[in-house]
Number of protein chains: 2
Amino acid sequence: MKTEKISELTIKRLSIYLRCLKELADSRVVTTSSQTLAEQFQLNSAQIRKDLTYFGQFGERGVGYNVEELRTHLTKILGLETQHRIGIVGAGRLGMALASYVGFDPNCFKVVALFDKDNSCLGMDLRSGVHVHHIKDLKEIIIQKEIVIGVVAVPESDAQEVVDQLTEAGITAILNFAPVRLNTENGIKLKTMDLAKSFESLSYYLSNEATGDKESTVTISGFEEK
Amino acid sequence: MKTEKISELTIKRLSIYLRCLKELADSRVVTTSSQTLAEQFQLNSAQIRKDLTYFGQFGERGVGYNVEELRTHLTKILGLETQHRIGIVGAGRLGMALASYVGFDPNCFKVVALFDKDNSCLGMDLRSGVHVHHIKDLKEIIIQKEIVIGVVAVPESDAQEVVDQLTEAGITAILNFAPVRLNTENGIKLKTMDLAKSFESLSYYLSNEATGDKESTVTISGFEEK
DNA sequence: AATTGTGAATTCCTTCACAGCC
DNA sequence: GGCTGTGAAGGAATTCACAATT
């Protein structure tokens, strides 16, 4: 691996490549090339090669990449060989929805606890099978259940406090759904999924689509804040 | 307004600026400057000025910007003076959670319908007060209820079909929560909020935080796909 | 012949720095 | 003096194009 700093955009594309490789593997494709991948999945072949070489030389000149081998490499690079345990703070509809979210591979991620400050929702959530704990037990449960990712699914007004509590409990990776800028200590990776911002961007498009703007598809991703 | 094409990043920042101005207005601040804004909200003053001047000259040299005035301008630029009506396809937990999401201003966005292919959840959703329609009535209800934004909250396997149906019904702005790349016709703005990708990026961070990576905070946003 | 890996070129975005105006 | 608006500089990300390799 090179020492160069690797951009968030590259990481996000590795996720995409991994998804593409999964699809190819399911179709029993053994070998592929950056060229073929790019055509099939509307990517840029040079970018694929450049992204990959930040982490090693996985291809063979004249041949291409072995699908399973590259898949293994990417899985390892993204840290997806071991399962990450997730705790969700906020047992409202959003928190509950996330707890029963089936979009990700259970080998990689698993929601193991919900937290809320409201006593009325404590106990077992029947649909997801996840226990709802009181927020006062946050640190204890995080340690006990070996939670490494915290999700903030509380209203805007409580979000900063929750981030502080998660940090205090030793969590270093946080996904936030509250539409606010949150302050974090050094060494904490905070990602914010900002629904309001996304809708506002769609609104801008709607107001301007008639006036000649021909831009089209966009995927939510990340840019550096700090 | 200039003819130059305006980047998605600029639009996203306008949302941020608008949020900051709201906060200032609430604190009865009448005038501000790019410098002050930048310090208060950890932005770059030159960027604020540059972003704004794509759309007009809203400031006064030597003085700064009038908070209310700039707020009005940004609201207009982002198309937020009129309410946008939202239809959510998929009445599972995620769809329901989004229907009762309170993170955005009801003056700007309102969820007016849910759709599902499963008959068992048709009828009124009590908590959000939104009616769940059968997907077969999608086009009819979209026209009748003047829906302009479609949200895809169905499993991966159904997402492309839903996008096609929304397009057929005349929807041009779509927010997708399924972790797949979807094909769209020209003139359709599709944004994807990819949970799986975000978690994978956190996973990468967790695997690499020990090895000297000191990067920290990130906000989910958008990069061009097409 | 085909395809990788990678410097060089290009494009896009951010930041600097200052002329122009209040 | 203070602050905007903006051309120029700098930096980052993408794409090109080709030498190296099988």
Produce the list of close N/O pairs, under 3.5 Å, pairing protein atoms with atoms of nucleotides 17-19 of chain D; give distances to one decimal.
unit_1	atom_1	unit_2	atom_2	d
D:dA17	N6	A:R49	NH2	3.1

Test your reading of the model: is there a side-chain donor-acceptor pair from [X] to the backbone of [Y], 3.5 Å cut-off?
{"X": "B:Q160", "Y": "B:N183", "result": "yes"}
{"X": "A:S203", "Y": "B:G79", "result": "yes"}
{"X": "A:Q83", "Y": "A:P106", "result": "yes"}

Output side-chain donor-acceptor pairs under 3.5 Å for residues 55-71 of chain A, partner residues at least two apart or in another chain, one line each.
unit_1	atom_1	unit_2	atom_2	d
A:N66	OD1	A:E68	N	3.1
A:N66	OD1	A:E69	N	2.8
A:E68	OE2	A:R71	NH1	3.4

Using a cut-off of less than 4.0 Å, is there contact between a side-chain N or O of [X] and OP1 or OP2 of [N]?
{"X": "A:T53", "N": "C:dG5", "value": "no"}
{"X": "B:N44", "N": "C:dT14", "value": "no"}
{"X": "B:Y54", "N": "C:dC13", "value": "no"}

For the pair made of [atom1] in [X] and [atom2] in [N], what is the distance, rounded to whole Å?
{"X": "B:I6", "N": "C:dC12", "atom1": "CD1", "atom2": "P", "answer": "14 Å"}
{"X": "A:Q47", "N": "C:dG7", "atom1": "CD", "atom2": "P", "answer": "17 Å"}
{"X": "B:L43", "N": "C:dC13", "atom1": "CG", "atom2": "C1'", "answer": "16 Å"}
{"X": "B:E60", "N": "D:dC3", "atom1": "CD", "atom2": "C1'", "answer": "10 Å"}
{"X": "A:K12", "N": "D:dA13", "atom1": "NZ", "atom2": "P", "answer": "11 Å"}

Given DNA chain C, 5'-ward residue of the pair A:G62 and A:F58, judged by closest heavy atom | A:G62
Would you call A:K189-A:E8 a salt bridge at under 4.0 Å N-O?
->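 So A:K189 pairs with A:E8 through a salt bridge.
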Look at B:D194 together with A:R19 and state whether they make a salt bridge at an N to O cut-off of under 4.0 Å.
->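 Result for this pair is yes, salt bridge flagged.
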If you pin A:D51 and A:V63 to their nearest nucleotides in DNA chain D, which one's is more 5'?
-> A:D51
What I'd like to find out is whether the side chain of [X] reaches to under 4.5 Å of the side chain of [Y], using heavy atoms alone.
{"X": "B:F177", "Y": "B:L98", "answer": "yes"}
{"X": "B:I142", "Y": "B:L166", "answer": "yes"}
{"X": "B:L195", "Y": "B:P179", "answer": "no"}

Has the side chain of B:K50 got a donor or acceptor that lies under 3.5 Å from a partner of the other kind on the base of D:dT6?
-> no
Residues in contact with DNA chain C, drawn from residues 23-41 of chain B - heavy-atom cutoff 4.0 Å |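 Heavy-atom contacts with DNA chain C come from no residue of residues 23-41 of chain B; none.
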